[in-house]
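Beneath this line is the structure, given in structure tokens, with notes to follow.
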There are 2 protein chains.
Amino acid sequence: MDKPDASLRSFLGYDLKRAFAVIQSDVNAVLQPFGLRMVTFSVLVIICDNPRLRQTQLAEILLIERPNLVAILDELEHAGAVVRVRAPDDRRAHELSATLQGQQTCDRALEAVRDHDARMTNGLDKNQREALHTALRVVQSNGRSVDDRRKIPRS
Amino acid sequence: MDKPDASLRSFLGYDLKRAFAVIQSDVNAVLQPFGLRMVTFSVLVIICDNPRLRQTQLAEILLIERPNLVAILDELEHAGAVVRVRAPDDRRAHELSATLQGQQTCDRALEAVRDHDARMTNGLDKNQREALHTALRVVQSNGRSVDDRRKIPRS
DNA sequence: TATTGTTATACTCTATAACTATA
DNA sequence: TATAGTTATAGAGTATAACAATA
């Protein structure tokens, strides 16, 4: 057959999975010169945009489980991009902030990823790019709510 | 901040990852009554649509590494949905075919996933749904070619 | 008691090398 | 010598339970 996956091509999950695989691979290659991966990049951007954020809040924003955030922050802290500071008002919590170097890395990485995004949407005009983002958010909002999903143990 | 991830929201990778996470979780829930997961569903559909396909070809179509396909096919074979038959002309190869039961499961699962897709794109009209698929394929084609990607060892 | 960050752990997914049987 | 399927294995990514420090 010429298109052996024609049936699957009509499904959103199939196209989404393949498009995401392509993007993730590419973005990781783009971020490698900055010593970043897709996750560490996302975490760094959130920390730069939201100074003194705490780990629990960061985990909620990025839908990462708290335990899994620990190694990611260790990586960024060892690289000198972010610091964990004991919160003065609650000595259990850590306030996360980017170092000057972390902010510079973040700015440059943001630019590189923006350029990459433009390349990945090459062939789509501005309206089509916006429509793509809009559609992806509609899909997200049509999913079961976080509360609903919590009731179903795995996957 | 009201939208702490506003910067990331402009990136395709971010929206794609979150949209795919929602879809995958939902689709797996939809497929559970059929004893299928997203991967086993995809494999079953390809086998139903392409009788006597060989494992290497199947792996290429779905971008799965050959070794990782083995357990997936074991799962489907133990469930009685597909069979591996020695190729008469090449006794190294396996020809994959769906059993009658496998075809019935496939048909019913296809319908369920089609319904689910309609729910996930609720709020988008027909043109917008088509535009979404088109855009996702443009993104895929803008990624580095498979040959290029092979030159870069890991993600 | 409850919460923050952490450790330990387990399960899935993915990727590579090397084996076997056939060609 | 090469190929098809397989095994073993290692690395990510992700999820849960339980602990120490603090509230």
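The model shown is predicted, which means the values in this text are computed figures rather than measured ones. Numbers restart at 1 for each chain; the letters A, B, ... are given by sequence-line order, proteins then strands.
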Using 4.0 Å as the upper bound for N to carboxylate O, is an ion pair formed by B/Arg37 and B/Glu75? yes
Run the salt-bridge test on B/Arg84 and B/Glu77 with the 4.0 Å N-O cut-off and return the result as yes or no. yes
Whole Å only: how far is the [atom1] atom of [X] from the [atom2] atom of [N]?
{"X": "A/Glu65", "N": "C/dT9", "atom1": "CD", "atom2": "C1'", "value": "15 Å"}
{"X": "A/Asn28", "N": "D/dG11", "atom1": "CG", "atom2": "P", "value": "18 Å"}
{"X": "A/Ile64", "N": "C/dT4", "atom1": "CD1", "atom2": "C1'", "value": "17 Å"}
{"X": "B/Asp74", "N": "D/dT7", "atom1": "CG", "atom2": "C1'", "value": "11 Å"}
{"X": "A/Glu60", "N": "C/dG5", "atom1": "CD", "atom2": "C1'", "value": "14 Å"}
{"X": "A/His94", "N": "D/dT22", "atom1": "NE2", "atom2": "P", "value": "10 Å"}
{"X": "A/Gln24", "N": "D/dT14", "atom1": "CD", "atom2": "P", "value": "8 Å"}
{"X": "B/Gln57", "N": "D/dT3", "atom1": "CD", "atom2": "P", "value": "15 Å"}

Verify the contact: side-chain N or O of [X] to OP1 or OP2 of [N], cut-off strictly under 4.0 Å; return yes or no.
{"X": "A/Arg66", "N": "D/dT14", "answer": "no"}
{"X": "B/Thr56", "N": "D/dT3", "answer": "no"}
{"X": "B/Arg86", "N": "C/dT22", "answer": "no"}

Could you check B/Arg54 against A/Asp89 and say which one's nearest nucleotide on DNA chain D is further toward the 5' end? B/Arg54
Pairwise 5' ranking along DNA chain D for A/Arg37 and A/Arg92, keeping only the more 5' one: A/Arg37
So CD of A/Gln55 and CD1 of A/Ile47: to nearest 0.5 Å the spacing works out to 8.5 Å
Checking the side chain of B/Gln128 only, and the main-chain atoms of B/Asp125 only, is there a donor and an acceptor separated by less than 3.5 Å? yes
With DNA chain C as reference, determine whether B/Asn68 or A/Val70 sits nearer its 5' end, using the nearest nucleotide of each. A/Val70
Would you sort out whether A/Arg54 and A/Asp89 count as a salt bridge (charged side-chain N to carboxylate O under 4.0 Å, His left out), showing the intermediate values? CA-CA 12 Å; A/Arg54 298 181 184 187; A/Asp89 58 316; 3.0 Å; yes
Please evaluate the base of C/dT22 for a donor-acceptor partner in the side chain of B/Arg91 within a cut-off of under 3.5 Å? no
